[in-house]
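What follows is one structure encoded as structure tokens, with my remarks underneath.
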Amino acid sequence: MRSSAKKTGRASIMIQFHQSYAYEDFIQGYRPKEGGGFHRRDGHFFDFCNRARTDLARPYVFIIDEINHGNLSKIFGELMDADRTR
């Protein structure tokens with residue numbers, strides 16, 4: 001993966017976007033298995049949200065570095081439209 005996710009502590013993470021970074025890397029997607037077929041893999045943001053959900057006593061911070069280097073519609077997908085439908 002060309003993106004870099006760096007843990008800056010248990011309650012924060014910094015991720016850097018690249019042109020090849022996609023929704024499957026950020027949220028969740030299917031990846032091929034070595035023996036054939038596919039398996040679902042959680043992305044960096046999905047994992048981070050699950051950690052934060054289990055530790056409500058502390059604030060969690062998700063930092064996106066170089067957001068302008070990523071293809072935002074490819075990375076966020078339908079999440080960009082989720083707010084408009086409410």
When rounded to the nearest 0.5 angstrom, what distance separates CD1 in I63 from CD1 in I15? 11.5 Å
Atom pair CG/CG of D42 and N50 - distance to nearest 0.5 Å: 6.5 Å
Determine whether Q28 and R40 make a side-chain contact, defined as any pair of heavy atoms from C-beta on separated by less than 4.5 Å. yes
Identify, with sequence neighbours excluded, every residue that meets ring-ring contact (aromatic ring centres under 6.0 Å, His included) alongside F62. F26, F45, F48
If I compare all heavy atoms of Y23 with all of G77, which pair ends up nearest, and what's the gap? CD1-N, 4.2 Å
CD1 of I75 to CD1 of I64, rounded to nearest 0.5 Å, is 8.0 Å
Give me the ring orientation class for F17 and F76: parallel if the planes are under 30° apart, tilted from 30 to 60°, perpendicular past 60°. perpendicular
Report yes if the side chains of Y21 and E66 come closer than 4.5 Å at any heavy-atom pair, otherwise no. no
Spatial distance of atom NE2 (H39) from atom OH (Y30) [nearest 0.5 Å]: 10.5 Å
Distance (rounded to the nearest 0.5 Å) between H69 NE2 and S20 OG: 12.5 Å
What residues, two or more places apart in sequence or in another chain, satisfy salt bridge (Lys or Arg N to Asp or Glu O under 4.0 Å) together with R31? D25
Can you check whether M14 reaches Q16 side chain to side chain, under 4.5 Å on heavy atoms? no
